[in-house]
There are 2 protein chains.
Amino acid sequence: MLTIGDMAKTTGVKVPTIRYYEQMGLLSHAERSEGNQRRYSRSERDRLSFIKHARELGLTIEAIRELIDLSQHPEKPCAEADRIAAEQLATVRQKIAKLKKLEAELERISTHCHSNHVRDCYVIRALANHDLCETDHD
Amino acid sequence: MLTIGDMAKTTGVKVPTIRYYEQMGLLSHAERSEGNQRRYSRSERDRLSFIKHARELGLTIEAIRELIDLSQHPEKPCAEADRIAAEQLATVRQKIAKLKKLEAELERISTHCHSNHVRDCYVIRALANHDLCETDHD
DNA sequence: CTAAAACCTCTAGCGGCTTTAGCTGCAAGA
DNA sequence: TCTTGCAGCTAAAGCCGCTAGAGGTTTTAG
Ligand SMILES: [Zn+2]
Ligand SMILES: [Zn+2]
Ligand SMILES: [Zn+2]
Ligand SMILES: [Zn+2]
């Protein structure tokens, strides 16, 4: 049996975060020692790794909850899981698109100031005036 | 003089957000009408536009506060402003790099499942096992 | 003059944690 | 055996950047 500290060490998820995941229903309420400390099995550690990996890929707690529920029912169709992954991919692509616009504007803004004083600073002027921008960036 | 609603309409910043910015010290405490409603000048509207634009470019409230403080002192050197813009550009580039890794993994994950049941779903397997990934994505 | 729209303050909520405070548990060294 | 000190516990608050709602007041249009 693993302590919560062991879980943290082997998965890289911080101790308070593990307790938070339990509270959020991603991890079931762990068994307790006589002294009321959490004790975990290997399968619970695996589940925590799953959660960590999913979080790293940007999935929400809610999406992860659905995936875990699904994975408890191997006979069900997996369309729902596939949809969640596809949606996350779309979300990531949208974010990239937005950030690339920002990158272009910020690059322009931060390379155009050849002044020394705030009075003529291109950064300040560019922030004050969106007309200098080349894109909409919403 | 403009009401808070006028400000919202002309800048696209929502009314509660304007009040929030005031609370955060980005907008100074507005003058009030006899009935205690906020009244703004054109320069305050310009400042709000500045704030909005900076937020759209991803700057934090804190960074915007610094920029506003700076812009009150046109004689000062603008190195600080330039640094803020450059840092934001770096931040955006980091985010893009991270998201591109995620995009690659998610693309792989969401195109590889040709199964019908959760039991063999590639999505579930890929999330459970980072070894199937091609990058670190931290 | 009235009714509706806009405004006010204050508080709570979102997501995904992190931090803090004030406890108790437990193992190892003297 | 005692003590020291890390590890664990709970509950609550804090973080960011808003957003939403309750419950009241002011302004404006007709
Ligand atoms: Zn400058
Ligand atoms: Zn712009
Ligand atoms: Zn599948
Ligand atoms: Zn991975």
Side-chain angles (χ1 to χ4, degrees), chain A residues 1-27 29-40 44-45 48 50-68 84 87-88 91-92 95 98 102 137-138, chain B residues 1-27 29-40 44-45 48 50-68 87-88 91-92 95 98 102 138:
Chain A
M1 297 298 262
L2 303 157
T3 66
I4 198 170
D6 296 335
M7 292 278 276
K9 249 171 262 163
T10 62
T11 63
V13 178
K14 288 180 191 159
V15 167
T17 309
I18 297 174
R19 289 194 280 248
Y20 171 74
Y21 288 158
E22 178 183 316
Q23 216 183 310
M24 294 299 100
L26 296 189
L27 294 170
H29 291 285
E31 283 180 54
R32 298 295 180 121
S33 71
E34 286 199 10
N36 196 37
Q37 300 193 354
R38 290 171 179 79
R39 294 292 180 262
Y40 296 94
E44 286 168 302
R45 190 199 50 198
L48 181 55
F50 180 98
I51 296 167
K52 192 201 180 200
H53 198 207
R55 285 293 300 130
E56 284 173 348
L57 289 167
L59 294 170
T60 64
I61 300 281
E62 179 53 29
I64 297 171
R65 214 192 325 262
E66 287 182 53
L67 288 170
I68 288 175
I84 287 171
E87 270 181 15
Q88 178 59 16
T91 302
V92 165
K95 284 190 185 172
K98 211 168 194 172
L102 296 198
H137 55 77
D138 312 67
Chain B
M1 296 299 261
L2 304 157
T3 67
I4 198 168
D6 296 335
M7 291 277 276
K9 246 171 266 162
T10 61
T11 63
V13 178
K14 289 179 190 160
V15 168
T17 308
I18 298 174
R19 290 195 278 248
Y20 170 74
Y21 288 159
E22 178 182 315
Q23 218 184 308
M24 293 299 101
L26 297 189
L27 294 170
H29 292 285
E31 281 180 55
R32 299 294 181 122
S33 72
E34 287 198 9
N36 196 37
Q37 299 194 355
R38 290 169 179 80
R39 293 294 181 261
Y40 296 94
E44 285 167 304
R45 190 200 49 199
L48 181 55
F50 180 98
I51 295 167
K52 191 200 181 203
H53 197 208
R55 284 292 302 130
E56 283 172 348
L57 290 166
L59 294 170
T60 64
I61 301 280
E62 179 53 29
I64 297 171
R65 212 192 327 260
E66 287 182 50
L67 287 170
I68 289 175
E87 269 181 16
Q88 178 59 15
T91 301
V92 166
K95 284 189 184 173
K98 212 167 193 172
L102 296 198
D138 310 70

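From a predicted model like this one, the values you see are computed outputs, not experimental measurements. Hydrogens, waters and symmetry mates are skipped; everything else that's a heavy atom, side chains included, is used. In what follows, chains are A, B, ... by sequence order, proteins preceding strands, each numbered from 1.
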| field | Atom-pair distance (CZ on A:Arg39; P on C:dC26), nearest Å | value | 7 Å

| So, the side chain of B:Arg65 versus the backbone of B:Met24: is there a donor-acceptor pair under 3.5 Å, distance only? | yes

| Gap between atoms CD and P, on A:Glu56 and C:dC17 respectively (whole Å) | 11 Å

| field | Closest non-hydrogen atom pair between A:Tyr40 and A:Ile4, with its separation | value | CE1-CA, 3.9 Å

| message | Taking the nucleotide of DNA chain D with the nearest heavy atom to each, does B:Gly58 or B:Gln37 sit closer to the 5' end? | response | B:Gly58

| said: Less than 4.0 angstrom between a side-chain N/O of B:Ser33 and OP1 or OP2 of C:dC7, yes or no? | reply: no

| Would you say A:Thr3 reaches D:dA7's phosphate, i.e. side-chain N/O to OP1/OP2 under 4.0 Å? | no

| Under 4.0 Å between a side-chain N or O of A:Arg38 and OP1 or OP2 of D:dG8? | no

| What integer distance in Å separates A:Met24:CE from C:dG15:C1'? | 10 Å

| message | Whole angstroms only, please: what is the CD-C1' distance between A:Gln23 and C:dG16? | response | 12 Å

| task | Could you state the atom-to-atom distance from CE of A:Met7 to P of D:dA7 in whole Å? | result | 17 Å

| message | Expressed as a whole number of angstroms, how long is the span from A:Asn36:CG to C:dG22:P? | response | 21 Å

| field | B:Tyr21 side chain near D:dG17 phosphate (N/O to OP1/OP2, under 4.0 Å) | value | no

| message | If you assign A:Gly35 and B:Val15 each to the DNA chain C nucleotide with the nearest heavy atom, which residue ends up on the more 5' nucleotide? | response | B:Val15

| query | Expressed in angstrom and rounded to an integer, what is the separation of A:Glu34 atom CD from C:dT24 atom P? | reply | 18 Å

| task | Check whether any side-chain N or O of B:Arg19 sits under 4.0 Å from OP1 or OP2 of C:dA6, and answer yes or no. | result | no

| request: Using atom types as modelled and distance alone, determine if a side-chain donor or acceptor of B:Gln88 lies under 3.5 Å from a backbone N or O of B:Leu57. | output: yes

| task | Quick one: list whatever passes salt bridge (charged side-chain N to carboxylate O under 4.0 Å, His left out) with B:Lys98, sequence neighbours left out. | result | none

| message | In whole Å, I'd like the distance from the CD1 atom of B:Ile18 to the C1' atom of C:dA6. | response | 13 Å

| said: OP1 or OP2 of C:dT18 versus the side-chain N and O atoms of A:Lys14: is any pair under 4.0 Å? | reply: yes

| query | When you check the phosphate oxygens OP1 and OP2 of C:dT9, does a side-chain N or O of B:Arg32 lie under 4.0 Å from one of them? | reply | yes

| Of all heavy-atom pairs between B:Met7 and B:Thr11, which one has the smallest distance, and what is that distance? | O-OG1, 2.7 Å

